[in-house]
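Right, one structure below, let's go through it.
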Amino acid sequence: MADNEQKAMQLMAEAEKKLNSSKTFLGSLFGGSSKVEEAVDCYLRAANLFKMAKKWPQAGQAFCNAAQLHLKAGVRHDAATNFVDASNCYKKCDPNEAVSCLLKAIEIYTDMGRFTVAAKQHQNIAELYETECVDLARAMQHYEQAADYFRGEESTSSANKCMLKLAQYAAQLEHYDKAIQIYEQIAKSSLDNSLLKYSAKEYMFRAALCHLCVDLLNAQHAIEKYCGLYPAFADTRECKLIKELIEHLEEQNIDAFTEAVKTYDSISRLDQWYTTMLVRIKKQINDNPDLR
Amino acid sequence: MATLIQSYEQQYSVLTADITAKIGRLKSGNEDNRDQLTREIQANFEEANDLLEQLELESRGAGAGSRVGAYRAELQRVRDEYRSVLNNSSSYNLESEETYDDWSGANEQRRKLLDNTERLERTGKNLTEGYRVILETEQIGAAVLQDLSGQRETIQRSRGRLRETDEQLNRSSRLMNSMIIRALQDRFILVMVFLVLGVLMCVGLYFSFS
């Protein structure tokens, strides 16, 4: 391990030396670019050795250096690839640095017109924000960007995946309108597709839950609308549950509400997201005491 | 093969145990579903016979005939026991039915009711379990379909890209061909020029010496 690290250090030093020597007059006249290429090569090898020694920050630094040199030499594609490699290394130690590397890569990719790849990197950033630094607002921003790029490139399924994540976080951060809009849009688009028809009810269920978080009446209207859009929705357990919940909410009956949720949960498990939403809806009953 | 035989053996032992238990209940006497019990026992005997035949067939291939004989003897023994119980219980049965008719009827009904409730409960549980599984399956199916649609999109996109690449390759190969032809032409012209030069030089030399 230590051996690898030492070798990598040597390679780094060598690369720097090569770079400095290429700055002399003669060097710049004869084969200046080849010197840069050699330096890049050294950096890459050093980075790989650092990776073997599990020295992630140094490896990231080496990849970054290589990418900068590539950029200077005008090889943009390689530069972007190196930035992505660097971010992969930084991911293990310093998420913020990883994000900045990815942003640089995205800049290059968008410049080259490779929007799909850029979108994928945006998604990566969003996932980083989601898992490493738990900054949901920024994650949402990047998911949105990724979805935009994906949609621009006509890859709807990837765009939908990003939009779903976006809606999920939007609902968690209480931007219900946005979440509802996204869910309805996705539900509508998936109804047109014979393969995606069966997932539409889940989106409708989620949208209805978001509606419930905001307003009862709207939720009722929304449910009717969904039933009109997708007649099979009326028969699903999700729809029945929502209707039941609306009833209990109108009666301000917390116990019945909990009971309904419990019976639903006993058959198909509700995940974290659903639970938070349901808890929020339940809180509404407590917050708005009966005025009648 | 061995596992098949094992499973048959297991079934057979379960069946004989069942028959013995039923004979025991028949012996204890205070039941008026005697007819049903005897019918069940008969059915069980037939089943056991079938099972034995199957076992015989299977074990003939595997070469383990001795055990089947033992099983057959056991079955015969159980059957004998059943017959004896049936014979001496028929007389006992009559008086018992007369004396304990009311009491045993109520008790029986109560027991039946309990049995039924239990069965109902069990079935209900099974049904909910099945429902849960079905819903889960539906969810998985939806997820799979979603994946499939995503992959379909990817494949279509890659196909488009492949077509594009193919076209570009064609164009480049055409370009290459034209370049080769051009190079050949150039070489030909070069040779021609040299030839003409040589001829001219020869002519010049000839005229200068003559």
Side-chain angles (χ1 to χ4, degrees), chain A residues 113-117 119-120 123 146-147 149-165 183 186-187 189-206 230 232-233 235-241 262-271 273-274, chain B residues 112-180 183:
Chain A
R114 307 282 298 275
F115 285 101
T116 330
V117 189
K120 222 165 263 170
Q123 210 180 337
Y149 282 161
F150 272 132
R151 191 157 300 145
E153 292 295 296
E154 283 296 308
S155 47
T156 343
S157 66
S158 307
N160 278 356
K161 223 179 271 171
C162 290
M163 291 306 269
L164 281 179
K165 283 270 185 188
Y183 278 132
I186 292 180
S189 70
S190 48
L191 276 180
D192 296 336
N193 191 331
S194 59
L195 279 178
L196 297 175
K197 210 159 46 187
Y198 300 97
S199 357
K201 68 168 187 185
E202 189 196 330
Y203 308 140
M204 287 175 176
F205 180 44
R206 282 171 186 251
Y230 181 41
F233 183 63
D235 294 333
T236 55
R237 302 185 63 236
E238 283 85 355
C239 180
K240 278 173 197 156
L241 176 73
K262 209 181 270 173
T263 44
Y264 182 89
D265 186 57
S266 69
I267 289 189
S268 43
R269 291 254 153 243
L270 294 165
D271 69 0
W273 189 87
Y274 289 120
Chain B
K112 253 192 205 165
L113 211 66
L114 279 176
D115 261 11
N116 276 346
T117 335
E118 197 190 333
R119 197 172 297 158
L120 240 149
E121 220 165 86
R122 224 171 28 230
T123 323
K125 226 174 257 173
N126 276 347
L127 275 176
T128 9
E129 187 69 17
Y131 192 33
R132 210 176 58 76
V133 171
I134 285 171
L135 281 176
E136 215 173 86
T137 319
E138 193 190 349
Q139 243 167 34
I140 292 169
V144 168
L145 281 177
Q146 215 167 341
D147 277 3
L148 275 180
S149 80
Q151 279 160 6
R152 175 200 194 146
E153 217 163 74
T154 318
I155 288 172
Q156 274 171 350
R157 214 169 34 240
S158 2
R159 205 170 68 171
R161 210 158 285 165
L162 213 67
R163 289 234 170 98
E164 222 169 273
T165 319
D166 191 35
E167 216 166 277
Q168 271 168 6
L169 272 177
N170 272 339
R171 214 170 59 205
S172 54
S173 82
R174 268 206 304 277
L175 220 68
M176 279 300 277
N177 274 338
S178 70
M179 271 161 84
I180 288 170

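A, B, ... follow the sequence lines: proteins, then strands. Residue 1 opens every chain.
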- Task: Check whether A:Ile267 gets within reach of chain B through its side chain, its backbone, both or neither, counting any heavy atom under 4.5 Å.
- Result: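 A:Ile267 touches chain B through backbone and side-chain heavy atoms alike.
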
- Excluding sequence neighbours, so at least two apart, what forms side-chain contact (heavy atoms from CB on, under 4.5 Å) with B:Arg119?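 B:Arg119 satisfies side-chain contact (heavy atoms from CB on, under 4.5 Å) with B:Asn116, B:Arg122, B:Thr123 only.
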
- Query: A:Ala119 and A:Ala146: which non-hydrogen atoms are nearest, and at how many Å?
  - Reply: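 Looking at all heavy atoms of both residues, the closest pair is O-CB, 3.5 Å.
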
- For the residue pair A:Leu164 and A:Ile186, what are the closest heavy atoms and their distance?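 Between these two residues, the closest heavy atoms are CD2-CD1, 3.7 Å.
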
Donor-acceptor pairs under 3.5 Å, chain B to chain A, main chain and side chains both?
residue	atom	partner	partner atom	Å
B:Glu138	OE1	A:Lys201	NZ	3.4
B:Glu138	OE2	A:Lys201	NZ	2.9
B:Gln146	NE2	A:Tyr203	OH	2.8
B:Glu153	OE1	A:Thr156	N	2.9
B:Glu153	OE1	A:Ser157	N	2.9
B:Glu153	OE1	A:Ser157	OG	3.1
B:Glu153	OE2	A:Thr156	OG1	3.3

- Distance from B:Asp115 atom CG to B:Leu120 atom CG, nearest 0.5 Å?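 If we round to the nearest 0.5 Å, B:Asp115:CG and B:Leu120:CG are 11.5 Å apart.
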
